[in-house]
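Side chains are part of it too, since the values below use all heavy atoms of this structure and drop only hydrogens, waters and symmetry mates. Quantities reported herein were computed from a predicted structural model and do not represent experimental measurements.
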Amino acid sequence: MPSIAYFVTPHGLGHAARAAAVMQALQASSPAVSFDLFTTVDEEFFVESGVRSFTRHAVETDVGVAQDHPLHVDVDGTIRRLDAFYPLRRELVERMAGVLRDRRCRLAVCDIAPLGLAAARRAGIPSVLTENFTWDWIYRGFAAGRSDVLRHANRMARLFRMADHRIQTEPVCRVHAASLTVPPVCRPLREPRERVRRRLGVGPRDRLVLITMGGNADRFEFVHRLGDVAPIRFLIPAAGVADMGRLPRNVLTTPPRGMYHPDLVCASDVVVAKLGYGTVAEVVQAGVPMAYVTRPDFREAVTLAEYVESKVPCLALSGREFRGGDWIRRLADLPRDGRSPGPADGAACIARFLSTLLGRTGSIGAVRS
């Protein structure tokens, strides 16, 4: 069977969700395709996302950014991680290239994990970069007056230029010459909204508000205030629960396994979340109003905010507003309805592109752009 190597950054779950959506779409159209997945993201995430026939290699593929809180970037910690990981060690690249050869991978797809681009180049197979931003662009946002940040940004830019093909997924932060630009990519819905709400014990007339930090745990200091608006039901996924103590009766949590996040988004009437690619794509797909928490120290957040504001009713919350809970009373400002169809699925577009590349890999020189 043809195998595709997929290198995924472990930074957040948005990149893993985007990769899972692409893998699932490709296997739907080409069932014989299997994947060699290189990431430290939990294997179970991809299983729950519906990816079949894959072998996970638990390899640190990327650094991303260090965070001491879901809403705050630790720049000094990020530099320490970058200094430890880059420049990429020759033996690491050789080892990854050897795995690609041994596994007979015909293509390497990288969701902003540059190790895969270097390994693919060394193994002599074509590479595809999938992104709505790259790390060099993110790091330049921290670079004012810091030569250490700029040094890493320049190095990362050179690594990303190694890609044979570039796919940009909307909303795009910085437009590049690309082989393909596609609508937002997210995992498809599985269950009808009404069925998911019944599983949660939420009635058809109840107002359900999903609170999520995109897979990051938080204490949610405001949780005790949620009981003051008891007619509203609040849902916090189990992965986001961290030492919150006894919860008000109108606050639900999901079991650690078995609740598929895109369906939870669609089952909700409002989503309260930090701005992240995966959450924004799922919100737009479902057409759900969003109260989003701004992230002034992360460049991607500006693009995501503009995009989600153009697609669904929104409230913007500062980090202080979110932590204090003053936004709870403002939920009435968001409409209860007004859902609209989401965009065409970018995962299917990428799957068709990758299928075409697979059909051309008999001659490697023919696919290099």
Side-chain angles (χ1 to χ4, degrees), residues 1-11 13 15-27 30-47 49 51-64 81-82 84-131 134-135 155-156 158-167 350-351 353-355 357-369:
M1 293 191 299
S3 179
I4 295 177
Y6 222 121
F7 289 78
V8 181
T9 179
H11 178 83
L13 289 179
H15 302 277
R18 183 163 61 191
V22 172
M23 289 189 281
Q24 185 183 36
L26 187 54
Q27 288 182 327
S30 305
V33 171
S34 64
F35 295 96
D36 280 274
L37 178 59
F38 298 82
T39 189
T40 53
V41 176
D42 189 357
E43 179 176 349
E44 190 63 25
F45 178 87
F46 297 93
V47 173
S49 297
V51 182
R52 310 180 312 277
S53 301
F54 72 93
T55 299
R56 175 177 168 271
H57 306 266
V59 176
E60 184 179 7
T61 58
D62 189 19
V63 169
R81 290 187 185 182
L82 288 168
F85 196 73
Y86 294 101
L88 292 172
R89 301 185 305 278
R90 178 176 297 181
E91 61 270 23
L92 174 61
V93 175
E94 289 284 358
R95 178 161 59 87
M96 291 298 98
V99 174
L100 299 186
R101 295 189 196 100
D102 293 343
R103 301 289 297 178
R104 298 184 179 180
C105 296
R106 292 166 53 182
L107 185 66
V109 184
C110 306
D111 200 312
I112 71 166
L115 173 60
L117 302 176
R121 176 68 60 88
R122 186 65 181 140
I125 64 173
S127 61
V128 180
L129 171 64
T130 301
E131 52 96 356
T134 50
W135 289 123
R155 175 183 290 127
M156 298 295 282
R158 292 192 294 271
L159 285 170
F160 285 120
R161 285 196 292 269
M162 296 175 68
D164 296 309
H165 301 273
R166 181 189 290 259
I167 298 174
I350 297 176
F353 182 84
L354 297 181
S355 293
L357 287 184
L358 279 177
R360 294 162 58 189
T361 51
S363 174
I364 298 300
V367 301
R368 295 200 179 277
S369 58

Closest heavy-atom pair and its distance - [X], [Y]:
| X | Y | answer |
| --- | --- | --- |
| His15 | His11 | CD2-O, 3.2 Å |
| Phe45 | Ala17 | CE2-N, 3.6 Å |
| Ile112 | Pro114 | O-CD, 3.3 Å |
| Gly116 | Ala108 | O-CB, 4.3 Å |

For the atom pair [atom1] ([X]) and [atom2] ([Y]), what is the distance rounded to the nearest 0.5 Å?
| X | Y | atom1 | atom2 | value |
| --- | --- | --- | --- | --- |
| Ser30 | Leu358 | OG | CG | 7.5 Å |
| Arg18 | Ile350 | CZ | CD1 | 7.5 Å |
| Phe46 | Leu37 | CZ | CG | 4.5 Å |
| Glu44 | Ser49 | CD | OG | 9.5 Å |
| Leu129 | Cys110 | CG | SG | 7.0 Å |

Does the side chain of [X] reach to within under 4.5 Å of the side chain of [Y], using non-hydrogen atoms?
| X | Y | answer |
| --- | --- | --- |
| Pro126 | Leu357 | no |
| Glu131 | Phe160 | no |
| Leu26 | Ser355 | yes |
| Val8 | Thr61 | no |
| Thr134 | Met156 | no |
| Phe7 | Leu117 | no |

Under the salt bridge (charged side-chain N to carboxylate O under 4.0 Å, His left out) test, residues paired with Arg155 that sit two or more places apart: none

Going by the side chain to side chain donor-acceptor pair (under 3.5 Å) test, name the single residue among Thr39, Thr9, Thr40 that passes it with Asp62. Thr9

Listing, residues 85-101 side-chain donor-acceptor contacts under 3.5 Å, not counting sequence neighbours, or none:
| from | atom 1 | to | atom 2 | distance (Å) |
| --- | --- | --- | --- | --- |
| Glu94 | OE1 | Arg122 | NE | 3.4 |
| Glu94 | OE2 | Arg122 | NE | 2.7 |
| Glu94 | OE2 | Arg122 | NH2 | 3.0 |
| Arg101 | NH2 | Arg122 | O | 3.1 |

Closer than 3.5 angstrom, by distance alone: can the side chain of Arg103 be matched with the main-chain N or O of Ser3 as a donor-acceptor pair? no

Side-chain donor or acceptor of Gln27 paired with backbone N/O of Val33 under 3.5 Å: yes

Under the side-chain hydrogen bond (donor to acceptor under 3.5 Å, both in side chains) test, which residues partner Arg56, sequence neighbours left out? none

